[in-house]
Structure formats: C-alpha cells, structure tokens
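Keep in mind that this is a model prediction, so the values were computed, not measured.
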Amino acid sequence: MMTHRAKWNVRAEEDPFQKSWMAPEALDFTFSQMSDVWSLGCIMLDMASCSFLNATEAMYLRKSLRQNSGSLKAILKTMEEKHIPDVETFSSLLPLMLQINPLDRITIKAVVRMTFVSGSFKSSCVAMTLHQQVVPEIITNILLEGNVTSILEAMENFPSRPEVQLKAMKRLLQIPEDQLGLPWPKGLVEVVVTAMKLHERILDLQLCACSLLLRILSHVLVQDAEAQVPWDISIICSLLSIMRSHSDSEQLITQGYSLLTIISSQVQVSEELQKAGLFELILEHLYRFSKDRDICFSALGLLWSLLVDAVIVNKDPVVKIPALVIQVLDTHPTDAEIAEAGCAVFWLLSLLGCMSEWQFEKVVELLLQSIRLSQERVLLVNNAYRGLASLAKVSELAAFRVVMPQDGGSGLTLLQETYQLYKDDPEVVENLCMLLAHLSSYSEDPLALPESSEEILPELESSGIRALVREIQGRFTSSLELVSYAEKASLSLEAALHSSQERKLCGAAVREEAAAPKVPFLPEGRPHLP
C-alpha cells in the first residue's frame, strides 16, 4: 500500500482516526524513518495523557500538532500538574519527536538513548521492570553504537544485565586504541570491575573483562611506564575471588595472573596479596596445572613480581614454592621462557632463604641446564648466574655442583662460554665474577669439607679461571662492584695456589724424610755403626 499512492489515499480517508497518527509529510505520501519517529511520539503522547483525555480529545490533539507544535506545551504542563510518571522524560522527548519539519526531529537512536539512559526514567517503575528482563538486542545495539563515553553510560545504566555488559565490553575491545581515550577513559576500570563483581559466575563476561583490562593496562604502560594503575586491594580481592570461582578455567587463571603481575609491579600491594592467600592459590595452580604451559609461565611471572623487594608475611607457603618450580622446569625442559622465569624465581628464593639445603643440588642442575638451553637470553643468563652465586655463597655442596655437575660436563666451561658471548656486557660479567668469588672462597676456607674443597681448587686452576679473572681485571676498571668481585676471586685463587704449593713442598719433605734410612742410636747417644 505504501508503494501505491491512490490506494494509500483511499485507506487514509476511510479511517481518519488512524490517519491522526500520521506524520505531516506522510499525508503527502512521503515516508522516512523520521515519519516513524512522529508516529511513535503520538503513541507515547497517548499513553502519557490517556488518564485525562478521551479518545476524541486525543485525536484532535494529534491533528493539531501537525499545524502548530506549540499546542504540545499545554498538555505537557497538565501532565506535570497531574504528576504523570516520568513526566520529565516525556517533556524532553516529545517536543523533539513531534517537530513538524522531519529534518528537525530527533533520531530513533537518540530516542532510545534518552529513554533508557535518562536519569528520571532510570528510577521509574517501568525502568525497574525493564532492568529485570533481557534487554532487546536491537535496543542494546543502539545504546552501544556511540563512543566510549556513551558505552560506559549504557553499562552504568544496566549494571544488572549481563548481556548488556558483555556486549559493551566486546564493543570496547573493537574500538581502536586511539579512540579509547587512553590513558584512562573516565570511569572505565570502575565500571568494568563492577560488572565483574555483579556477574562473578558468568565465565564469558569475566574472560572478556580481563581481556579488556589487559589491553588497556598494556597499552598504557607501553605509553608511560610510570603511569599509575587505578587499583585498590578490594578490586584485587574480587579478582582473586573470581579466579577461585572459575578454578577450572585455564584461560581465566592465565589472564588473572597477567593482570595481577601488572598491578603488583605498579602498586605496593604485595603484603595485602599475601594476606589474601595469593601464594596459596599459586601453589594450588602450579600443582594442578604443571603441564599447562601458559598457567605456569604467568604464575612464575607473578611470583617474581611478588617476591622482588617484598616483605614475606608468612614463610610457610613460600618455602613450598621451590619444589613446584623444580617440577615445572622438569616438565618443560625445552621451554626457554619458562626457564627464564624459573631462574628469576630461584634467584629470589635463594636470596630470601626460602630454599631447603636438600634442594640445592637440583636447583644448581636446573640453573645450569637453563643457561645451556638459551644462552642467548641475557635476562635468563643474568638471573641464572645470580642464583648460582647466591647458592654457592651459602652452600659448599652447591658450589661443588657448579664446578662438578652431577650430569657430567663442567660448569666452569659453561661459564667461560658465557663470558665469551657477553664479554662486553658489564652486568653479565659482574654476575660471573660474583659466582667465581664465592667458588674460590672455599679453596682457602679452613672449615671447608676436604672432599669438596680439594676438588674445587684443582678444577678452577685446570679450567684456566685464574687467567680469565686477570683478563676481566684488565678489561673492566670502572665498575667498582665488578672489580671488587674479580679482585676477591683473584686473591683467593692466588692464596690457594701458594697454600697448595706449600702443602706440596711440606708433603715432599715429609715423604723424603720418611724415605731416608733409619740410623739406630746407642743409649749414650752415640750412633751404632754396623
């Protein structure tokens, strides 16, 4: 009918009551979406005024608006006097919808936004009913078509509707970074975390929320490493609760650890996280998911962030970490990233004294294995040699296993290979010298175990370590810490060499004296000649 003008005119003349809802331009057989806006405005006007206007009065009102939209003011005033619900929203919308010129009318998208976002409408009984039901997809799509501010506004207005929250987050993930309003879109973190708290059991929503937060945090910190992360302990505890609620979701656990790593590296919350049971949660996940590469890698990264410069509140869970890290590295022996993260954690645990002596040999083995695996990764190399030095400092058995690994080979040969690869890197060379200083100290320690110290010194000598130390002393003169370690190692080796030579001379003299013929003496003290 809307494509046949003659039929349209006949139908319109047959039913003047129906015709009263038509837009002015529709009477001239001109239709657009703006015509629908007019008709919708008439329907809303009827609904708002039906308590005090009868059908005939309402029809004449609608017709009069085509000639003079000003007649709407009187009816809106009456609605206000009669305390019609949501009168403020109607007073804002209807004058914009019932403009005679279609170009002056508000769009249907704007109608939806004003209706569902208006402050007065949100508190109405109609809105309360809507918020308890699934919001129609078409309405959700319209609400989420705007910019970041309008999307966040929609999320704030429908906090109890998970379908709105999820769709809004997906929309935010699609927005280009230059349009997100970074570094921090106003209220974004608060709105997203609120949605996470309200819908803790909905896994898809949690995954989408974590992805969104990771995207924003990563982008911000790339732009400005000193940027402050807007988090507090209540938000972090909520994140831990969500991870516990979805204890079988490997993806959520990985994302949660990545978020906590970023947060803990920016905010001083290590003690609060410990009190919230994060160490225990990590232990549980490392035990349950030791074969899951992503969980292990993210958990090790988080452990590093928590342990560095941390005050340990309770050592009981921390001393259980080394055994699980050993298990993880044994499970992923060829994964360079796992090895790198594991070396960093081993180093910190050794510094904190959270490693048992019976674990030293195994940890030394894994540190040496990690260096062999990826000697080109400078961070791994630095942390591995720091860990070896820390263990060699407190345990002669660990020092012995650095020199004489259980699996064969030579730790000193590996050390020399590392030096050749990084001879121009002062940080790496300093860590090598620190290890050598601790290894060489046992050769002059009078309390050293004989079976170990007797092996360490000959190995240091036969491997050419004294010559290596002299070369380092000649090449590096400005780094005080490096020079100090090199000098200590050099002095220890020289002292051990002199001590060894003296022992050899004394031993030779004793053997010579023992080999000389015995001459018997007479009681008077004169020798008895045969």
Side-chain angles (χ1 to χ4, degrees), residues 1-127 129-130 136 138-139 141-143 145-146 150 153 157:
M1 184 183 296
M2 294 180 69
T3 60
H4 197 290
R5 185 164 188 164
K7 290 183 179 180
W8 170 260
N9 288 335
V10 171
R11 179 64 180 271
E13 291 300 327
E14 287 177 352
D15 191 351
F17 187 77
Q18 292 287 352
K19 186 179 178 181
S20 66
W21 275 287
M22 292 183 191
E25 68 275 9
L27 298 177
D28 295 327
F29 204 68
T30 301
F31 306 102
S32 70
Q33 195 177 64
M34 293 298 100
S35 305
D36 296 333
V37 171
W38 175 282
S39 298
L40 178 60
C42 290
I43 294 172
M44 292 172 64
L45 178 60
D46 278 3
M47 294 174 64
S49 61
C50 64
S51 63
F52 57 90
L53 290 181
N54 60 37
T56 301
E57 291 172 330
M59 180 183 68
Y60 283 116
L61 173 62
R62 292 191 296 272
K63 287 184 175 181
S64 70
L65 292 175
R66 299 193 193 111
Q67 306 298 324
N68 180 17
S69 58
S71 58
L72 183 62
K73 293 181 180 179
I75 202 70
L76 291 174
K77 184 176 181 180
T78 303
M79 290 168 57
E80 186 176 349
E81 292 171 351
K82 292 183 176 294
H83 303 292
I84 300 299
D86 304 315
V87 66
E88 292 181 7
T89 300
F90 291 124
S91 296
S92 300
L93 272 175
L94 292 177
L96 298 173
M97 298 175 72
L98 298 173
Q99 291 288 323
I100 296 174
N101 186 343
L103 298 178
D104 294 334
R105 287 174 209 151
I106 192 173
T107 65
I108 192 63
K109 292 179 182 179
V111 171
V112 171
R113 183 164 295 283
M114 288 184 66
T115 302
F116 284 88
V117 177
S118 166
S120 60
F121 186 81
K122 283 191 296 181
S123 59
S124 71
C125 58
V126 178
T129 302
L130 281 173
I138 187 172
I139 299 297
N141 290 339
I142 291 173
L143 291 173
E145 280 185 355
S150 61
E153 193 175 45
N157 282 284

- Value for CZ (Phe90) from CG (Leu72), rounded to nearest 0.5 Å, stands at 12.0 Å
- Query: What residue pairs, at least two apart or across chains, pass salt bridge (Lys or Arg N to Asp or Glu O under 4.0 Å) with a residue in residues 46-58?
  - Reply: Asp46-Arg62
- Item | Which residues share a side-chain hydrogen bond (donor to acceptor under 3.5 Å, both in side chains) with Asp104, sequence neighbours left out | none
- Contacts of Asn68 meeting side-chain contact (heavy atoms from CB on, under 4.5 Å) (sequence neighbours excluded), chain-then-number -> none
- Item | Sequence-distant partners of Val87, side-chain contact (heavy atoms from CB on, under 4.5 Å), two or more places apart | Met79, Glu80, Ser91
- Got a sec, which residues hit side-chain contact (heavy atoms from CB on, under 4.5 Å) with Lys82, two or more places apart in sequence or on another chain? Phe52, Thr78, Ile84
- Note on the structure: So OG of Ser92 and CG of Asp86: to nearest 0.5 Å the spacing works out to 11.0 Å
- Item | Value rounded to 0.5 Å, distance of CG in Leu98 from CD1 in Ile106 | 11.0 Å
- Residues forming a side-chain contact (heavy atoms from CB on, under 4.5 Å) with Leu40, sequence neighbours excluded: Met44, Met97, Ile108, Val111
- Heavy-atom closest pair, residues Met47 and Cys50: O-SG, 3.4 Å
- Can you run down the side-chain hydrogen bond (donor to acceptor under 3.5 Å, both in side chains) pairs that involve residues 32-41, sequence neighbours left out, and say none if there aren't any? Glu25-Ser35
- Query: Does a sphere of radius 6.0 Å around CD in Glu81 hold more than 12 heavy atoms from other residues, nucleotides or ligands, not counting ones at 6.0 Å or beyond?
  - Reply: yes
- Is there side-chain contact between Gln99 and Met34, with at least one heavy-atom pair below 4.5 Å? no
- Query: For the atom pair CG (Leu76) and CG (Leu45), what is the distance rounded to the nearest 0.5 Å?
  - Reply: 7.5 Å
- Task: State which residues pass side-chain hydrogen bond (donor to acceptor under 3.5 Å, both in side chains) with Glu145; sequence neighbours excluded, sorted by chain then number.
- Result: Lys109
- Query: Less than 4.5 Å apart, any side-chain heavy atom of Leu53 and any of Ile75?
  - Reply: yes
